[in-house]
*Asks:* 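Shown below is the structure under consideration.
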Amino acid sequence: MALTHLIAGNWKMNGVGASLDEARAIAEGAAALTRIDMLICPPATLIARMAALCAGTRLAIGGQDCHAAQSGAFTGDISAAMLVDAGASHVIVGHSERRTLHAETSAQVRAKAEAALGQGLVAIICIGETLAEREAGETLAVVTGQLRASLPAGAGGSTVVIAYEPVWAIGTGKTPTSADVAEVHAALRAELVSLLGAGNAGLIRLLYGGSVKPSNAAEMMALPNVNGALVGGASLKAADFLAIAAAV
Ligand code: PGA
């Protein structure tokens with residue numbers, strides 16, 4: 001069954017109030033792109049304003065991380081309930097920048113995803129190998145292991161999205177070959193089938209992320225088992241993000 005592609009933007013720690021103009025332009029452009037779903041995950045400080053701006057449009061708004069707990073003494077953290085309260089419908093968990101810079105483990109990522117599902121958010125679970133792991137021939141073992149260990153109870157097509165993001169491709173301009181992406185996505189689909197059964201596994205969208213740009217989006221998005229993109233740098237400019245979305 002053909003899944004609707006999701007084109008998701010991760011603004012990371014970029015964007016202030018002036019950036020709402022880009023969000024408005026993306027939301028306006030999304031109106032014509034009815035074949036796909038679109039999402040922007042701005043910094044937490046912009047979620048409520050962007051959600052208000054995009055209410056009633058085809059552009060959904062998400063968080064970039066959430067805590068596993070519902071509330072408590074966790075200075076600087078944000079809960080899934082807070083994201084919902086601000087107007088988010090999705091949240092990214094386990095981005096490689098969180099796994100690397102904040103030492104998050106797959107067990108923590110799973111707990112965060114379960115907290116997200118508990119609040120009705122769609123969890124976008126990121127996995128991906130480092131360059132050393134790819135060069136050692138460990139890519140498939142690494143990503144399927146991360147998938148198994150990060151997948152929350154209750155995972156299904158309406159609750160989770162998986163984003164395969166090779167760490168060495170993020171923000172570098174380098175991308176794997178189409179054959180490499182197709183190989184990883186086939187392995188991820190097979191792993192989901194063994195974990196969840198074919199019916200459920202077939203409904204979960206598998207995104208590719210890492211240096212997606214207008215010039216490579218069409219090729220990547222046409223690959224089997226690639227059901228969308230998680231876009232960093234190129235999601236900051238409405239024209240680039242819309243060009244990626246239009247390439248699906
Ligand atoms: P990039 O980032 O598109 O800038 O490579 C992707 C990501 O980190 O999600």
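Just so you know, ligand 1 is whichever comes first in the structure, and atom 1 is the first atom listed for that ligand. Side chains included, hydrogens not; waters and symmetry mates left out as well; all remaining heavy atoms used.
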*Asks:* Identify, chain by chain and in numerical order, each protein residue with a heavy atom under 4.0 Å from an atom of ligand 1.
*Replies:* N10, K12, H95, E165, A169, I170, G171, G210, S211, L230, V231, G232, G233
*Asks:* Counting only heavy atoms not in E219, do more than 12 fall under 6.0 Å of its CD?
*Replies:* no
*Asks:* Would you indicate whether K237, at its atom NZ, is surrounded by more than 12 heavy atoms from other residues, nucleotides or ligands within a distance under 6.0 Å?
*Replies:* no
*Asks:* Taking NZ, NE, NH1 and NH2 as the nitrogens, is one of them in K112 or D65 under 4.0 Å from a carboxylate oxygen of the other?
*Replies:* yes
*Asks:* Ion pair present between R99 and E104, side-chain N to carboxylate O less than 4.0 angstrom?
*Replies:* no
*Asks:* What closest approach, in Å, do M38 and A245 show between heavy atoms, and which atom pair accounts for it?
*Replies:* CE-CB, 3.9 Å
*Asks:* Does the side chain of N225 come under 3.5 Å of the side chain of R205 through a donor N or O and an acceptor N or O?
*Replies:* no
